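Each remark here refers to the structure printed beneath this line.
Treat the numbers as computed from the prediction; the structure is a model and nothing was measured.
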Amino acid sequence: MIRPILMLFFMLAVLPAPGHAFSFQQNSFRKQVPTLSRFPELRNKIDQKVLNMALAGYYSLKEQGKVNRDGILTVIDFNKPSVDERLFVIDINRGRLLYSGLVAHGSGSGDNFAYSFSNSPGSHKSSLGFYTTGTTYDGKHGYSLRLQGMEPGINDMAESRSIVIHGADYVSYDFIRQHGRLGRSQGCPAVSFDSFQHVIDLIKDGSCLFIYHRDGAYTSRSSLVNPDIAALRVSFGISAS
C-alpha cells in the first residue's frame with residue numbers, strides 16, 4: 001500500500017501542465033469560472049475557491065456520466081455560520097443564481113458553525129463532498145429528496161444513513177432570533193419550510209450537489225476536487241477509499 005502511495009505523490013510532482021495529459025474538462029471549467037464571477041449576484045455570495053472546487057467536481061462527474069441534469073449545480077458552504085445563507089443553486093449555463101438560502105448541518109457537526117464531519121451511521125454529522133440528487137418521495141419530513149454520495153469513504157453511506165434534503169421548522173430566521181443559530185438535523189442538509197419544495201424541484205433527478213468545508217482531511221482525499229489524483233489512481237489501480 002505504501003509503494004502505490006509513494007508512486008502517486010512522485011507522479012504528482014512531475015505532472016505536465018494542466019490540459020496536456022488529463023482532460024476532466026478542466027479547460028471548460030476554467031473558462032466558466034470567470035464567466036460566473038462577472039455576475040454580481042454570485043460574486044458577493046460564493047467564495048471563488050469554493051466555486052472552483054465545485055465546478056471541478058461537477059465536470060469530473062459529468063464526464064463520468066453521473067450527472068443527468070446539465071448545468072444545475074448546488075453548493076453548500078459550511079465555512080459559513082448557520083445564521084448566514086450558505087446554500088446556493090446555480091445555473092452554470094446562464095451564470096445565474098437560481099436560489100440562495102439557509103441550510104442546517106448535523107447536530108454532531110457543531111452548533112452555529114459546523115466543524116466535524118463523518119460518513120458513519122449514527123454520528124448525526126454532516127458529510128462533505130459531492131453528491132448527485134435522486135428521486136423525491138413523501139416521508140416522515142414530508143416532500144423529500146434522496147441524495148447519493150459520490151465519494152467512497154467520504155459520503156458514500158448517505159443513502160443508508162437516510163441523508164436527504166427536506167424541510168424543517170428549525171430552519172428559519174425566527175429560530176435564529178430565538179436561539180442565535182439554526183436548529184440542527186441528524187446529518188441532513190435541511191432547508192426552510194418556506195422554500196423546500198422549490199429547492200427540491202430545482203435540483204431533483206440527477207443534478208450535482210457539493211458540500212464544502214475547509215477541512216484538510218477532505219480536500220486531501222477527494223479525487224473530485226483533485227482531478228489529477230483521480231487519473232493517477234485509475235492508472236495505478238489505487239483504491240479511492
Side-chain angles (χ1 to χ4, degrees), residues 39-47 50-51 54 69 72-91 96-118 122-147 149 155 158-159 161-205 207-215:
F39 287 77
E41 59 182 356
L42 292 175
R43 187 187 310 125
N44 298 326
K45 288 179 177 288
I46 303 176
D47 182 89
V50 178
L51 184 59
R69 291 280 307 279
I72 301 298
L73 172 63
T74 304
V75 179
I76 296 176
D77 185 358
F78 278 154
N79 285 334
K80 298 174 179 286
S82 70
V83 297
D84 287 353
E85 292 185 353
R86 51 185 184 171
L87 183 150
F88 310 97
V89 182
I90 309 165
D91 182 335
R96 292 178 54 216
L97 182 63
L98 301 179
Y99 173 84
S100 63
L102 301 171
V103 60
H105 55 256
S107 61
S109 288
D111 293 326
N112 188 29
F113 284 90
Y115 62 88
S116 181
F117 306 93
S118 176
S123 67
H124 292 181
K125 295 182 180 182
S126 299
S127 296
L128 301 177
F130 287 88
Y131 300 75
T132 56
T133 62
T135 56
T136 61
Y137 69 100
D138 287 313
K140 64 180 182 179
H141 299 291
Y143 190 53
S144 304
L145 176 64
R146 294 181 174 91
L147 298 177
N155 61 19
E159 287 184 285
R161 294 180 63 201
S162 298
I163 301 301
V164 302
I165 292 181
H166 62 81
D169 58 7
Y170 52 77
V171 182
S172 70
Y173 287 103
D174 284 341
F175 193 98
I176 290 172
R177 281 189 286 270
Q178 294 176 38
H179 303 278
R181 60 166 173 79
L182 287 187
R184 297 160 301 161
S185 68
Q186 294 184 347
C188 296
V191 298
S192 167
F193 265 140
D194 293 336
S195 56
F196 76 102
Q197 294 185 55
H198 175 59
V199 172
I200 288 173
D201 287 340
L202 275 176
I203 69 176
K204 65 184 180 181
D205 297 331
S207 72
C208 178
L209 181 149
F210 177 48
I211 301 179
Y212 176 76
H213 185 269
R214 63 176 69 87
D215 182 273

Indicate yes or no for a side-chain donor-acceptor contact from [X] to the backbone of [Y] under 3.5 Å, with no hydrogens or angles considered.
{"X": "Ser172", "Y": "Phe175", "answer": "yes"}
{"X": "His213", "Y": "Leu128", "answer": "no"}
{"X": "Asn79", "Y": "Arg214", "answer": "yes"}

Query raised in the report: Using the ring of each side chain (for Trp, its six-membered ring), is Phe210 parallel, tilted or perpendicular to Tyr212, with breaks at 30° and 60°?
Result: tilted

Query - More than 12 heavy atoms of other groups within 6.0 Å of Tyr115 OH - result: no

Can you tell me how far apart [atom1] ([X]) and [atom2] ([Y]) are? Round to the nearest 0.5 Å.
{"X": "Arg86", "Y": "Leu182", "atom1": "CZ", "atom2": "CG", "answer": "6.5 Å"}
{"X": "Phe113", "Y": "Phe78", "atom1": "CZ", "atom2": "CZ", "answer": "12.5 Å"}
{"X": "Ser185", "Y": "Tyr170", "atom1": "OG", "atom2": "OH", "answer": "4.5 Å"}
{"X": "Asp169", "Y": "His141", "atom1": "CG", "atom2": "NE2", "answer": "10.5 Å"}
{"X": "Ile90", "Y": "Cys208", "atom1": "CD1", "atom2": "SG", "answer": "10.0 Å"}
{"X": "Phe117", "Y": "Ile211", "atom1": "CZ", "atom2": "CD1", "answer": "9.0 Å"}

Query raised in the report: When you look at Ile46 and Asp77, which way does the side chain to side chain contact (heavy atoms under 4.5 Å, CB included) test go after all the steps?
Result: CA-CA 8 Å; Ile46 303 176; Asp77 185 358; over 6 Å; no

Report summary line: Which of Ser109, Ser116, Ser118 passes side-chain hydrogen bond (donor to acceptor under 3.5 Å, both in side chains) with Lys125? It is Ser116

Of the non-hydrogen atoms in [X] and [Y], which two are nearest, and what is the gap between them?
{"X": "Lys45", "Y": "Leu97", "result": "CD-CD2, 3.3 Å"}
{"X": "Arg161", "Y": "Gly187", "result": "NH2-CA, 4.4 Å"}
{"X": "Leu102", "Y": "Val191", "result": "O-CG1, 3.9 Å"}
{"X": "Ala54", "Y": "Leu73", "result": "CB-CD2, 3.9 Å"}
{"X": "Arg184", "Y": "Gly106", "result": "CB-C, 4.1 Å"}
{"X": "Gln186", "Y": "Ile163", "result": "O-CD1, 4.4 Å"}

Query - Residues Asp201 and Tyr143: side-chain donor-acceptor under 3.5 angstrom - result: yes

**Report entry** Short side-chain donor-acceptor distance under 3.5 Å, Thr133 and Arg69
**Finding:** no

**Report entry** pair Val164-Leu145: side-chain heavy atoms closer than 4.5 Å
**Finding:** no

Query raised in the report: Should Leu202 and Ile72 be marked as a side chain to side chain contact (heavy atoms under 4.5 Å, CB included) after you check the CA-CA gap, both sets of side-chain angles, and the distance that decides it?
Result: CA-CA 8 Å; Leu202 275 176; Ile72 301 298; 5.8 Å; no

Report summary line: Tested for side-chain contact (heavy atoms from CB on, under 4.5 Å) against Ile203, the lone hit among Leu147, Val89, Leu87 is Val89

